[in-house]
Amino acid sequence: MVARVMSGNEVVAYGVKLSRAEIVPSYPITPQTTIVEQIAEFIANGEMRAELMRVESEYAAMGACIGASLMGARTFTATSSQGLAFMHELTHWAAGSRLPIVMAVVNRAMAPPWNIWADQQDVLSQRDTGWLSLFCETNQEVLDTCIQAFRISEDREVLLPVMFSLDGFMLSHTSEPVELPKQGDVDGFLPESRRPPLLDVDHPTTLFNVPVPEQYMEFRHWIEKSMDAARRVIPKADREFKRRFGRGYRGMLEPYWLEGAEVALLTAGSVCGTVRDVVESLRKRGEKVGMIKLRSFRPFPSEELRRACEGLRVLGVADRACSFGMGGIIFSDVSAALQPLNVRVLGFIAGLGGRDITHRDIWRMFKRCIRAIEVTPARAIEWFV
Amino acid sequence: MKSWRGPPVPVAARPSVGSSGRTSSWRIQKPVVNLKRCTRCRMCWIFCPDVAISFTKRGPAINHDYCKGCGICANECPAKAITMEAL
Amino acid sequence: MKQALTGNEAAAIAAKLARVKVISAYPITPQTAVVERLAEFVANGELDAEFIKVESEHSALSACIGAAATGTRTFTATSSQGLMLMSEMLFVASGLRLPIVMANANRSLSAPLSIWCDQQDSMAVRDSGWVQLYCENNQEVLDSVLQAYRVAEELLLPVMVCFDGFILSHTAEPVDIPGQAEVDEFLPPYKLPNPLDPCRPVTMGPVGVPECYEEFRCMLQEATRASKEKLIEVGRAFWKHFRRRYGLIERYRSNDADVLLLTMGSLGSSAKDIVDSYRKRGEKVGLVRVRSFRPFPVKELIDALGSAKAVSVLEKDVSPGSAGALFLDTAAAFINVKRAPLMLDFICGLGGRDVSSLHIREAVRAATRAAEIGEVRKAVRWLGLREKLVGLRI
Amino acid sequence: MREELVEEELFAPGHRACAGCGATLAVRLALKALGKNVIVANATGCVEVISTPYPETAWRVPWIHAAFENAAAVASGVEAALKSLGRRGVKVVAIAGDGGTADIGLQALSGAVERGHDFIYICYDNEAYMNTGIQRSSATPFGAWTTTTPVGRVKRGKDRPKKDVPAIIAAHGAPYVATASVAYPIDLIKKLRKAAATEGPTYIHIHCPCPPGWRFDSDKMIEVARLAVLSGAWILYEIKNGRLNVTIKPPKRRPVSDYLKMQGRFKHLTDAEIAEIQRTVDERCRHLGVG
């Protein structure tokens with residue numbers, strides 16, 4: 001194990017190198033650029049045998065990923081906000097074609113106004129594409145999730161592309177100590193990278209032909225079944241990773257200090273670190289609070305969430321995105337999952353466009369949840385400016 | 001529309017000088033014009049990317065609020081009338 | 001005067017009646033007839049407008065943004081893949097607060113490629129800040145496009161009028177076409193507060209640093225919330241002019257119902273027949289149809305569904321790894337409500353799969369059973385799957 | 001002073017461009033040539049980000065920015081709107097960088113030119129994605145270092161030639177296409193005036209050195225631009241209705257190494273690689289009839 005201090009983007013590049021990705025089509029967009037620059041460095045110095053395709057747009061990047069992945073190559077790309085929205089048509093296509101592709105999304109706000117700082121509007125708006133969607137709290141988790149993502153995506157029962165998110169600048173350009181596993185151990189953890197190509201002159205096949213209404217729906221249902229399979233595969237991969245490397249992230253959802261908690265705050269990404277501090281300080285003051293860190297947004301861990309919220313009276317959901325005309329995005333999924341329990345759910349929208357979510361903000365969110373134990377809140381979704 | 005907080009104008013801005021404040025704080029050297037040698041040929045004015053040189057009757061006037069000290073005027077002045085000096 | 005019109009023709013005629021000045025659209029099945037009819041109107045001089053035949057949907061909405069920002073009433077139309085290709089620009093149009101109206105003939109998303117109807121495409125962009133109206137019949141398509149311009153231009157918000165591909169877009173129904181004079185009275189000419197004009201230069205779409213970004217997003221959220229009252233107000237004004245009533249949702253025999261169906265689009269009409277047949281047998285079944293999915297009618301749905309024991313949501317979309325979008329948001333609406341009905345989600349009709357009366361009856365039966373035992377074992381189910389095809393066990 | 005150079009400044013000082021930025025000088029000169037009656041559709045890029053931090057802006061003309069790949073599409077929307085409003089005498093100008101023109105925005109540009117909209121498309125070519133931190137674009141010259149074409153043991157800089165966008169646009173049958181350079185302001189302003197006077201789609205491709213991106217001191221920006229023309233690495237010509245005319249012919253072409261040696265992005269080049277670049281420059285000059 002080699003320990004080094006590295007930024008989130010560098011960590012992703014190392015994760016991709018260790019996972020022996022073979023084709024990396026990508027287009028530069030702040031704050032993702034240093035991932036691709038680092039990979040270019042590796043290739044230029046012969047440290048990594050991969051094809052870095054410098055395509056002309058993100059739309060072409062996902063198109064190239066689809067082509068590469070269906071030829072059996074292990075494929076990686078990375079993008080942010082506007083780029084992710086520009087390739088939106090093809091992210092649907094990649095999931096519908098059941099192609100294992102791993103994408104790092106360095107979260108950045110959606111324009112206008114033009115903003116390069118972090119929030120989660122870009123990745124949460126991709127919730128219907130059929131991609132698995134994982135979130136990371138620390139740079140170490142970014143590295144481990146990147147490696148796990150290849151294994152999950154290429155699992156025979158899943159065969160769905162995976163996107164994992166890291167907060168722009170807060171993780172991507174912030175250096176933290178990270179342990180780098182050895183190449184041999186990662187090779188043991190990941191299956192053989194090369195899969196049989198789907199297009200082969202010796203066995204000519206037509207891919208993605210047109211299913212009439214009598215056939216289409218079953219393909220979509222198959223994706224749903226693979227998402228159910230992913231609910232088993234993600235925790236299994238995490239446990240296997242913990243066995244080999246000593247680091248695990250509790251699968252799809254991590255309850256934190258929920259013993260005897262009446263109120264908890266659910267959130268995703270690097271802000272979880274801040275929430276842990278606030279939970280600690282409030283617990284010292286005798287407040288019965290806890291946190292739920294959402295690691296997998298798709299598939300949405302409904303059972304695990306219900307199990308975690310058994311004893312709770314109120315659950316706060318801190319969304320760093322907004323479905324305009326409704327409210328928080330994670331809030332809707334949480335509400336649907338917690339339907340059978342009578343847990344009150346409060347939605348908070350905060351930290352858009354790079355605005356910091358401070359200890360004070362989280363403290364105020366907890367206060368609102370505690371007050372909501374008795375008094376039903378007027379508005380379920382509140383905007384924290 | 002009344003209930004909106006914040007400016008009613010959607011995401012737009014009116015033109016104004018100094019769109020990001022005094023960029024002069026960026027420079028580490030500044031241009032000094034020797035009016036005696038200056039032939040009023042305006043090459044400095046035309047080549048300034050920061051629109052920081054204007055022309056008066058007495059010759060080129062450097063707008064020291066916005067000049068970033070890039071040195072193009074000094075380099076391009078045919079009469080070598082502009083020299084870059086420490087701040 | 002009444003005429004048999006397809007949904008596409010209804011949308012095109014509505015755009016003509018609204019005196020749009022710039023049309024920018026790219027052909028895609030099943031929306032093509034909208035583009036063709038408009039091209040004929042312009043060619044025959046029936047409509048004084050510029051028709052930009054762009055080279056892609058991404059450019060279609062981009063040109064609309066340029067035209068709307070310059071102060072002209074614009075119109076575009078698209079479907080599934082086109083809507084996805086322009087999804088980046090959907091955020092830009094709402095963020096720049098430009099009142100663009102778009103007709104979207106709902107079509108399923110590929111892969112695998114399908115040109116038939118489901119509502120996955122417009123559902124997939126529900127976060128983009130556009131007002132989204134879903135129509136049950138071609139009359140509603142025409143009327144909604146006209147109302148969309150009033151809502152859009154008074155709140156500076158883009159509006160998407162969605163109607164089911166082929167089921168409505170290519171099916172002719174009797175539609176009453178209002179006269180031009182009446183429409184001019186209902187819909188005043190277009191006036192953008194800060195157009196692009198050399199006499200008063202303005203910068204649109206600047207950089208928003210963290211210190212000011214969130215305020216604009218908060219204003220956009222408030223504007224989309226405010227569009228609820230505006231939709232109701234414009235619906236009343238429309239009733240005064242044209243004697244047809246529209247609101248955020250439509251309630252059909254739902255006041256005393258124990259079991260309610262909740263759906264959108266053309267599925268509403270088939271569900272009404274099933275409700276009538278149950279009512280004949282004395283069973284209290286009703287229907288609520290959501291017309292405005294964004295802004296989501298939270299209060300209206302709580303009033304409409306609150307009294308029921310169980311609600312079956314029938315929707316033609318799914319968020320893989322979670323549930324249907326209508327179910328998710330309805331659950332979010334009821335989360336802190338004490339007496340919330342039991343909710344079941346039925347994914348049906350994907351890729352043009354026919355939703356027959358048998359399927360709807362199955363949904364009613366499941367809701368009735370859930371009401372009896374007082375709990376929901378499996379919230380999300382799929383209707384109309386053909387196991388033989390892929391050997392599936394449901 | 002020549003009558004082309006008007007006093008009026010339509011690009012305000014105080015923008016956030018790097019010291020010695022070629023692109024902002026190109027935009028300043030372009031607005032000087034075109035005057036007040038323009039509407040600018042700007043693509044994402046250096047010029048857009050450095051000039052419009054809300055609530056201020058450096059643009060003294062109406063300006064709209066939608067996204068990176070659709071400057072030409074937004075411009076065609078504005079032009080159609082002006083036509084339908086019957087608004088005369090306002091010229092629509094789309095402005096984008098080399099990445100926004102040659103890569104991500106090429107389709108929108110091709111569509112707008114083919115549809116024959118009456119607008120000017122200005123490309124400020126600083127030969128890489130400078131706004132996102134000097135990544136390679138298709139307009140990056142052969143052999144140049146960028147952060148995505150680093151110089152390593154196995155690969156050395158960009159391995160593909162620069163994409164010739166003016167030729168692509170001329171092939172669309174655009175009535176007026178021209179190349180320009182910030183080192184020759186009079187030639188640039190004349191060409192923009194000709195474009196403004198031409199009905200239909202026109203294209204101006206302006207060569208703009210970038211001190212941080214090309215790795216040279218900011219005061220040498222104009223010198224580098226001038227040397228590009230004097231050495232034939234950048235040729236100033238115009239194509240009017242298909243007929244090509246070289247507007248500035250250097251009396252005796254300088255060796256291209258004089259131009260390359262001023263820039264850090266080429267300092268890794270071996271003599272053999274420089275000779276190869278010299279060969280391609282000579283061939284292109286012969287092809288375009290430059291001595």
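Letters A, B, ... are given to chains in the order of the sequence lines, protein chains preceding strands, and every chain is numbered from 1. Not measured: the values here are computed from a predicted model.
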Could you have a look at Val209(C), Val54(C), Thr74(C), Asp48(C) and say which one has the most heavy-atom pairs with chain D under 4.5 angstrom?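 Option with the greatest count: Val54(C).
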Does any donor atom in the side chain of Thr146(D) or Tyr129(D) lie under 3.5 Å from an acceptor atom in the other side chain?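 No.
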For Trp59(D) and Thr52(D), test the side chains for any donor-to-acceptor distance below 3.5 angstrom and give the result as yes or no.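 No, no side-chain donor-acceptor pair sits under 3.5 Å.
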What part of [X] gets within 4.5 angstrom of chain C, counting heavy atoms only: side chain, backbone, both, or neither?
X        : value
Val38(D) : backbone
Ile39(D) : side chain
Ala41(D) : neither

Chain D heavy atoms under 4.5 Å from Val92(C): which part of the residue, side chain, backbone, both or neither? side chain
Against chain D, label Ser24(C) side chain, backbone, both or neither, depending on which of its atoms sit under 4.5 Å from a heavy atom there. neither
So, are [X] and [Y] salt-bridged, with charged N and O less than 4.0 Å apart?
X         : Y        : answer
Lys32(D)  : Glu9(D)  : yes
Lys162(D) : Asp98(D) : no
Glu40(C)  : Arg37(C) : yes

Does the structure place the NZ or CZ of Arg126(C) under 6.0 Å from the centre of the six-membered ring of Phe293(C), at an angle of no more than 45° from the ring's axis?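 No - Arg126(C) does not lie over the ring of Phe293(C) by the 6.0 Å and 45° rule.
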Looking at chain C, which one of Ala80(D), Ala72(D), Gly111(D) has the largest number of heavy-atom pairs inside 4.5 Å, strictly under?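 Most heavy-atom pairs within the cutoff with chain C belong to Ala80(D).
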Pairs of heavy atoms under 4.5 Å with chain C: top-ranked of Glu79(D), Lys36(D), Lys83(D), Gln107(D): Gln107(D)
